[in-house]
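I have placed the structure first, in the form of structure tokens, so that the comments after it can refer back to it.
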Amino acid sequence: MGISRLMRPERPKYQIEDVEQPNLFRDIFPYTEVPRMIFDNVIIPVELPDEIWITCTTFRDGQQARPPYTVKQIVDLYDMLHRLGGPQGVIRQCEFFLYSHGDKEAVQQCLEKGYKYPEVTGWIRAVKSDFQLVKQMGLKETGVLTSASDYHIFLKLGMNRKAALEAYLAVVKEAMEAGVRIRCHMEDITRADFPGFIIPFAQELMGIYEEVGEEALAGPPIKIRLCDTMGYGLPYPEAALPRGIPKMVHAMVHQAGVPPYALEWHGHNDFHKALINSEAAWLYGCAAANGTLLGFGERCGNPSIEGLIIEYIALQGKTNEVDTTVITEIADYFREEVKASISANYPFVGEEFNFTRAGIHADGISKNEEIYNIFNTTEILNRSPGVMVTDKSGTAGIAYWINSHFKLTGDRVIDKRHPGTGKIYHWVMDQYREGRVTSISTEEMVEKAKRYLPELFISDFDRIKAHARLLAEELIEQVVNLPAIRSMDPSQQEPLLIEVIEKNPYIQLIAVSDKEGSRVTRNITQLVDKAKYEYHRIGDDFSNREWFIGPLKTGKTYVAGLYTSAVTGVLCITVSAPLRDENEEIVGVLEFDLKFEELVKLEEQSREDDLS
């Protein structure tokens with residue numbers, strides 16, 4: 001159902017109420033108590049816009065509660081967002097910071113993809129020169145902070161409403177002059193005075209909107225993002241302003257005159273309402289809902305993109321070419337590449353979200369998965385349902401769990417007659433004979449699989465080697481292609497290599513050899529080891545060493561086996577990479593000797609950080 005086109009009375013003009021003291025709505029937000037829900041019992045009708053869509057703030061708000069994504073991670077995730085949202089642009093836009101070198105590089109690489117959707121947009125300070133930055137980056141739209149509540153205007157900015165309005169409108173006009181579409185982020189709108197500030201501000205924006213027109217900037221010149229900064233929004237149609245989302249959206253459309261396609265909702269999950277509040281915004285006339293992948297965001301997070309996708313399909317009754325299986329790819333990428341911790345029962349992406357634990361449920365799902373599976377998760381999410389193991393599982397159920405959990409296919413599938421399956425089955429039955437009444441946990445099953453099916457697991461050493469490879473590759477990205485390193489001129493190489501080793505204490509030695517195996521640089525070591533390496537000199541031949549031969553054979557980074565250093569007596573792993581000239585011909589090998597015990601500590605700390 002679209003926005004009603006029935007004739008309406010002429011829209012009254014609202015004026016700013018330039019109060020001397022901030023209106024903090026103490027009857028709703030006493031601060032020393034839980035915020036109160038106020039209902040006026042006036043019901044707002046559902047007015048779902050003709051078209052709704054999703055926008056993404058994973059690379060902006062989504063980075064404010066976690067370590068920054070690498071450029072590669074941003075580009076990889078942007079690719080997945082493109083595939084998830086499909087060719088009709090269900091995921092319509094992504095916003096990016098534009099200030100650091102990494103920000104700019106990520107934007108540039110995403111733009112080079114040439115995708116129509118999601119459109120790359122910016123987020124900048126309310127500074128005139130920053131609009132030129134948006135233009136230089138090749139972007140057509142940017143978000144700008146326009147704080148809406150008196151909490152922000154008076155207590156944060158130290159301004160009054162009139163001064164804030166004048167400052168905001170000046171920024172908007174500068175954007176129009178620069179030829180950039182602007183998205184006004186009305187921060188903290190669920191604590192703002194609607195008749196006294198929000199509606200008059202929005203009406204002023206719509207006046208500029210009409211003056212500029214949509215054709216001039218190939219779309220709405222001004223958008224308004226309704227930012228529920230603290231998650232106070234309420235989805236109930238009877239809820240009063242400023243917390244009631246139905247009344248908020250209705251007021252913006254019908255009192256302020258904002259077109260539904262120029263409105264966007266941005267929620268937070270502080271009160272467990274991020275997703276339902278986004279749906280309420282859609283239902284009552286806001287075309288766009290903003291979210292982040294897996295809901296990562298400031299404090300308790302934002303609406304999850306994957307949740308919005310499922311709600312979108314439920315509302316529309318069709319996918320509009322959304323590829324929901326990408327949701328599982330994204331979850332796997334966060335676990336494996338980003339090293340993010342995802343709760344096992346988190347909807348749609350948790351490792352056990354479609355697992356049943358109760359024995360009676362397991363019996364039901366084994367007979368017909370529709371009984372206890374929310375929908376065909378195998379087809380929609382590429383995630384087959386699973387069961388938790390009990391004394392009723394038998395060897396077939398245990399084999400099913402193992403194959404499903406470890407995603408084993410083809411020759412790797414474990415048969416119910418496998419000796420390891422039988423041993424796990426006997427352990428399970430012993431548990432229940434001793435009085436157990438709960439299902440076997442995932443952690444216990446994995447532990448037993450490690451013991452009785454060791455072929456499914458890499459060893460600790462292999463994990464450390466993999467971590468060493470990752471660390472080395474990250475360093476090589478920064479070092480190996482630098483002009484000074486590629487020059488094969490020791491006078492240029494050595495100062496850079498010294499910087500690298502000083503910043504990375506787990507590196508014992510760095511050196512460069514030419515393509516014949518002859519050492520061309522001095523041994524770059526930690527200060528405590530410098531004297532121990534004096535017997536290795538420039539010109540020494542290393543052409544028979546494994547770490548030297550590996551990169552020449554493969555043309556790639558090579559990780560050698562574990563060994564005890566003859567020089568320092570500590571356990572080491574050597575990682576090496578080919579050096580290439582301007583014609584991409586291999587001219588030498590860069591060698592890193594890494595301290596194994598230090599890598600173990602780094603890897604354990606990384607896992608502890610993930611768990612925390």
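Heads up: numbering here begins at 1 and tracks the sequence. Any value given below was found using the heavy atoms of this structure, including those in side chains, with hydrogens, waters and symmetry copies removed.
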With distance as the sole test, does [X] use its side chain to make a donor-acceptor pair with the main-chain N or O of [Y] at under 3.5 Å?
| X | Y | answer |
| --- | --- | --- |
| Asp103 | Ser100 | yes |
| Thr564 | Gly569 | no |
| Asn403 | Ala399 | yes |
| Arg436 | Thr438 | yes |
| His82 | Tyr117 | yes |
| Ser576 | Glu591 | no |
| Thr121 | Cys94 | yes |
| Gln64 | Asp61 | no |
| Asn269 | Asn302 | no |
| Glu306 | Leu294 | yes |

Should we say atom [atom1] of [X] is surrounded by more than 12 heavy atoms from elsewhere, each under 6.0 Å from it?
| X | atom1 | value |
| --- | --- | --- |
| Arg522 | CZ | no |
| Lys423 | NZ | no |
| Asn583 | CG | yes |
| Tyr425 | OH | no |
| Glu379 | CD | no |

I want to check something: taking the side chain as every heavy atom from C-beta on, are [X] and [Y] in contact at a cut-off of under 4.5 Å?
| X | Y | result |
| --- | --- | --- |
| Val479 | Leu496 | no |
| Thr55 | Ile91 | no |
| Leu590 | Ile510 | yes |
| Ile398 | Lys416 | no |
| Arg92 | Pro118 | no |
| Asn354 | Arg383 | yes |
| Tyr333 | Met80 | yes |
| Leu81 | Leu293 | yes |

With a 4.0 Å cut-off, would you call [X] and [Y] a salt bridge?
| X | Y | result |
| --- | --- | --- |
| Glu584 | Arg486 | yes |
| Lys135 | Asp130 | no |
| Arg335 | Asp332 | yes |
| Arg83 | Glu329 | yes |

message: Please enumerate all residues that pass salt bridge (Lys or Arg N to Asp or Glu O under 4.0 Å) together with Asp391, with sequence neighbours excluded.
response: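 Expected list: none.
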message: Under the rule for salt bridge (Lys or Arg N to Asp or Glu O under 4.0 Å), what residues qualify as partners of Asp270, not counting sequence neighbours?
response: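 Once residues adjacent in sequence are excluded, the partners of Asp270 under the salt bridge (Lys or Arg N to Asp or Glu O under 4.0 Å) criterion are Arg299.
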message: Quick check on side chain to side chain donor-acceptor pair (under 3.5 Å): which of His101, Gln108, Gln109 does Glu105 satisfy it with?
response: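 Of the listed residues His101, Gln108, Gln109, the side chain to side chain donor-acceptor pair (under 3.5 Å) partner of Glu105 is Gln109.
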task: Given side-chain contact (heavy atoms from CB on, under 4.5 Å), test Phe334 with Ser341 step by step and report yes or no.
output: CA-CA 8 Å; Phe334 268 89; Ser341 177; over 6 Å; no
Cation over ring face, [X] and [Y], 6.0 Å, 45°:
| X | Y | value |
| --- | --- | --- |
| Arg60 | Phe96 | no |
| Arg66 | Tyr69 | yes |
| Arg519 | Phe542 | yes |

Distance-only side-chain donor-acceptor flag, [X] / [Y], under 3.5 Å:
| X | Y | answer |
| --- | --- | --- |
| Thr57 | Glu95 | yes |
| Gln508 | Gln526 | no |
| Tyr563 | Thr574 | yes |
| Thr568 | Asp529 | no |
| Asn345 | Ser343 | yes |
| Gln132 | Gln136 | no |

Working for side-chain contact (heavy atoms from CB on, under 4.5 Å), residues Trp401 and Ile440: CA-CA 11 Å; Trp401 186 97; Ile440 306 297; over 6 Å; no
Closest contact, heavy atoms only, [X] versus [Y]:
| X | Y | result |
| --- | --- | --- |
| Gly555 | Pro578 | O-CG, 3.5 Å |
| Ala511 | Thr521 | CA-OG1, 3.6 Å |
| Ser513 | Trp547 | OG-CH2, 3.9 Å |

message: Between Tyr558 and Glu546, is the side chain to side chain donor-acceptor pair (under 3.5 Å) condition met? List the steps.
response: CA-CA 9 Å; Tyr558 184 82; Glu546 178 188 355; 2.6 Å; yes
Candidate pair Ser304 and Tyr346, rule side-chain contact (heavy atoms from CB on, under 4.5 Å), full reasoning: CA-CA 11 Å; Ser304 69; Tyr346 196 69; 4.1 Å; yes
Could you tell me the separation between the [atom1] atom of [X] and the [atom2] atom of [Y], rounded to the nearest 0.5 Å?
| X | Y | atom1 | atom2 | result |
| --- | --- | --- | --- | --- |
| Glu369 | Thr377 | CD | OG1 | 6.0 Å |
| Phe348 | Phe353 | CZ | CZ | 7.5 Å |
| Ile507 | Asn504 | CD1 | CG | 4.5 Å |
| Thr442 | Glu352 | OG1 | CD | 3.0 Å |
| Leu77 | Leu84 | CG | CG | 11.5 Å |
| Thr142 | Met137 | OG1 | CE | 11.0 Å |

message: side chain to side chain donor-acceptor pair (under 3.5 Å) for Thr525 and Asn523? Distances and angles first, verdict last.
response: CA-CA 6 Å; Thr525 70; Asn523 295 313; over 6 Å; no
field: Residue list, side-chain hydrogen bond (donor to acceptor under 3.5 Å, both in side chains) with Tyr78, at least two apart or on another chain
entry: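 Partners of Tyr78 by the side-chain hydrogen bond (donor to acceptor under 3.5 Å, both in side chains) criterion come out as none, since no residue qualifies.
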task: Take Tyr99 and Leu133 through the test side-chain contact (heavy atoms from CB on, under 4.5 Å) and record every step on the way to the result.
output: CA-CA 9 Å; Tyr99 295 109; Leu133 175 61; 4.1 Å; yes
- request: Could you tell me how the ring of His268 sits relative to the ring of His266: parallel (under 30°), tilted (30 to 60°) or perpendicular (over 60°)?
  value: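 Because their plane-to-plane angle is over 60°, the rings of His268 and His266 count as perpendicular.
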